[in-house]
Amino acid sequence: QISNNQSYSTEPLIPLRQYGANRLEPLRAVFVKDGYRKGSSDDTENPPEAEAIVAQIAECCEDPAYKGKTFGVICLMGSRQAELIESLLIKEIGAAEIENRRIICGRPYDFQGGERNVIFLSMTDAPQDGQPCRMIRDADTQRRFNVAASRAQDQLWLFHSVTLNDLRSECL
């Protein structure tokens with residue numbers, strides 16, 4: 001529905017899959033209270049958010065509800081966050097489990113044409129020095145957000161270190 005609201009309001013997308021009663025909860029949002037933005041542009045990372053995502057992926061790997069499910073991690077602000085998460089995943093769950101789950105950590109366009117059962121989305125951004133996050137409203141960002149939000153087949157986890165008060169009213 002996010003894609004329909006932001007990108008396809010005049011010609012909405014229709015879901016191709018039907019879901020049973022025992023489906024995974026479609027959207028899970030996790031607020032990372034101690035998250036912060038480090039770096040700028042393509043070098044942005046949010047270490048607490050990265051650690052929270054890795055801990056959740058490790059938990060999901062042990063949960064029978066996720067048996068046989070594939071995972072992906074999409075970072076909205078550059079590749080450094082994805083690299084950090086990938087290195088933490090190697091330490092936490094190991095290369096064999098990463099391969100078994102077909103885990104890719106990257107930017108939205110790294111997933112263009114590729115879906116996973118479960119996507120873990122890292123907003124990465126966080127307020128700095130008490131200032132709201134920068135305004136994001138351009139068409140390219142809207143396309144990136146659309147790709148990111150539409151790669152999950154069964155479930156999307158959104159990890160964020162911002163509240164609505166940290167965002168400007170017109171920000172995507």
Side-chain angles (χ1 to χ4, degrees), residues 1-32 42 44-46 49-125 136 138-162 172:
Q1 191 57 43
I2 290 170
S3 294
N4 283 341
N5 292 346
Q6 287 191 353
S7 301
Y8 301 103
S9 58
T10 57
E11 296 180 36
L13 300 173
I14 299 168
L16 297 176
R17 297 175 67 195
Q18 298 298 315
Y19 297 97
N22 61 345
R23 73 184 281 194
L24 295 172
E25 186 178 342
L27 177 63
R28 303 286 305 264
V30 177
F31 176 63
V32 181
D42 240 12
T44 304
E45 63 181 35
N46 184 328
E49 208 169 280
E51 292 165 6
I53 289 170
V54 170
Q56 186 60 60
I57 289 173
E59 188 177 313
C60 288
C61 286
E62 299 297 321
D63 186 335
Y66 293 88
K67 183 178 180 176
K69 301 283 187 196
T70 58
F71 298 157
V73 179
I74 299 177
C75 303
L76 292 178
M77 292 186 70
S79 56
R80 189 168 176 180
Q81 179 79 347
E83 292 164 3
L84 174 60
I85 292 169
E86 186 173 17
S87 69
L88 293 172
L89 277 172
I90 290 168
K91 293 175 188 170
E92 182 68 27
I93 66 171
E97 187 68 11
I98 289 171
E99 186 175 330
N100 183 43
R101 297 287 182 162
R102 296 183 44 225
I103 298 175
I104 294 174
C105 300
R107 303 167 95 170
Y109 289 129
D110 295 329
F111 286 81
Q112 188 69 44
E115 297 176 329
R116 296 294 186 272
N117 296 118
V118 181
I119 292 289
F120 299 86
L121 182 59
S122 175
M123 272 187 72
T124 312
D125 205 1
I136 300 175
D138 60 282
D140 183 53
T141 300
Q142 183 175 352
R143 283 188 292 275
R144 284 189 302 118
F145 284 11
N146 178 52
V147 170
S150 63
R151 299 301 93 187
Q153 295 172 319
D154 300 318
Q155 186 176 57
L156 176 69
W157 288 79
L158 171 63
F159 285 78
H160 60 97
S161 302
V162 299
L172 288 171

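Side chain of R102 to main chain of R116: no donor-acceptor pair is present (N/O by atom type, distance under 3.5 Å, no hydrogens or angles).
Contact record, Q81 with S122: NE2-OG, 3.2 Å, taken as the closest heavy-atom pair. Closest approach of R151 to F111, counting heavy atoms only: CD-O, 3.2 Å. The heavy-atom pair separating C60 from W157 by the smallest distance is SG-CZ2, 4.2 Å. Across all non-hydrogen atoms, the minimal contact from C105 to I85 is SG-CG2, 4.0 Å. Considering every non-hydrogen atom in both T124 and C75, the closest pair reads OG1-CB, 4.2 Å. Counting all heavy atoms, side chain and backbone alike, V162 lies closest to M123 at CG2-CE, 3.7 Å.
For E62, the CD atom is loosely surrounded, since the number of other residues' heavy atoms within 6.0 Å does not exceed 12.
Note that the CD atom of E92 and the CD atom of E97 stand 11.5 Å from one another [nearest 0.5 Å]. The CG atom of L121 sits 8.5 Å away from the CD atom of E49 when rounded to the nearest 0.5 Å. Taking CG from L156 and CD1 from I74, the interatomic distance works out to 8.0 Å, rounded to the nearest 0.5 Å. Here the CG-CG distance, from L24 to D154, works out to 6.0 Å after rounding to the nearest 0.5 Å. Separation of atoms CD (E51) and CG (L84) is listed at 7.5 Å; rounding is to 0.5 Å. Put simply, CD1 on I53 and CG on L158 are 9.0 Å apart, with the number rounded to the nearest 0.5 Å.
Ring planes of F71 and F120: perpendicular class, angle over 60° (limits at 30 and 60°).
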